[in-house]
Amino acid sequence: MEVGTRVKVVTSVVVYNHPEHRNQPFDMKGQEGEVVSLANEYQGKPISANFPYLVKFAPRHKIHLEDSEIEAI
């Protein structure tokens, strides 16, 4: 996947930082967003991040996800 790809969360991912559900568990399964960044290099050197995709869901809500948690739509 690349920056700009529309994605959907396909597994159960519980977050506590959702703007509308602050400090409460919120399951992101089924939510759609856009990949805004990839964590695959740092200062020009390749890295292997555990959660390489930064996905934006709402104006103020971004989370890092791994490849098995999202699919392109």
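A quick note: this is a predicted structure, and the numbers were derived from the prediction, not measured.
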Under 3.5 Å, which donor-acceptor pairs do the side chains of residues 41-56 form with other protein atoms, sequence neighbours left out?
none

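- Checked against side chain to side chain contact (heavy atoms under 4.5 Å, CB included), V13 has the following partners two or more places apart in sequence or in another chain: V9, T11, V15, M28, L65, E69.
- Under the rule for a side chain to side chain contact (heavy atoms under 4.5 Å, CB included), the partners of S12 that lie at least two apart in sequence or sit in another chain are V14, D27.
- For V36 against V3, the heavy-atom pair with the smallest separation is O-CG1, 3.7 Å.
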Step-by-step side chain to side chain contact (heavy atoms under 4.5 Å, CB included) determination, M1 to L38: CA-CA 9 Å; M1 278 181 248; L38 297 175; 5.7 Å; no
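- Screening residues 11-23 for salt bridge (charged side-chain N to carboxylate O under 4.0 Å, His left out) gives no qualifying pairs among residues at least two apart or on separate chains.
- In this structure, V10 shares a hydrophobic cluster with no other residue, the cluster being traced through Ile, Leu, Val, Met, Phe, Trp and Tyr side chains under 4.5 angstrom apart.
- Looking at F26 and H61, their side chains never come closer than 4.5 Å, going by heavy atoms from C-beta outward.
- Here the shortest heavy-atom pairing between P19 and R60 reads CB-NH2, 3.5 Å.
- Under the 4.5 Å side-chain criterion, counting only non-hydrogen atoms from C-beta, H18 is not in contact with I63.
- For the salt bridge (Lys or Arg N to Asp or Glu O under 4.0 Å) test, residues two or more places apart in sequence or in another chain that qualify with E32 are R6.
- A search for ring-ring contact (aromatic ring centres under 6.0 Å, His included) contacts involving H64 returns nothing, not counting sequence neighbours.
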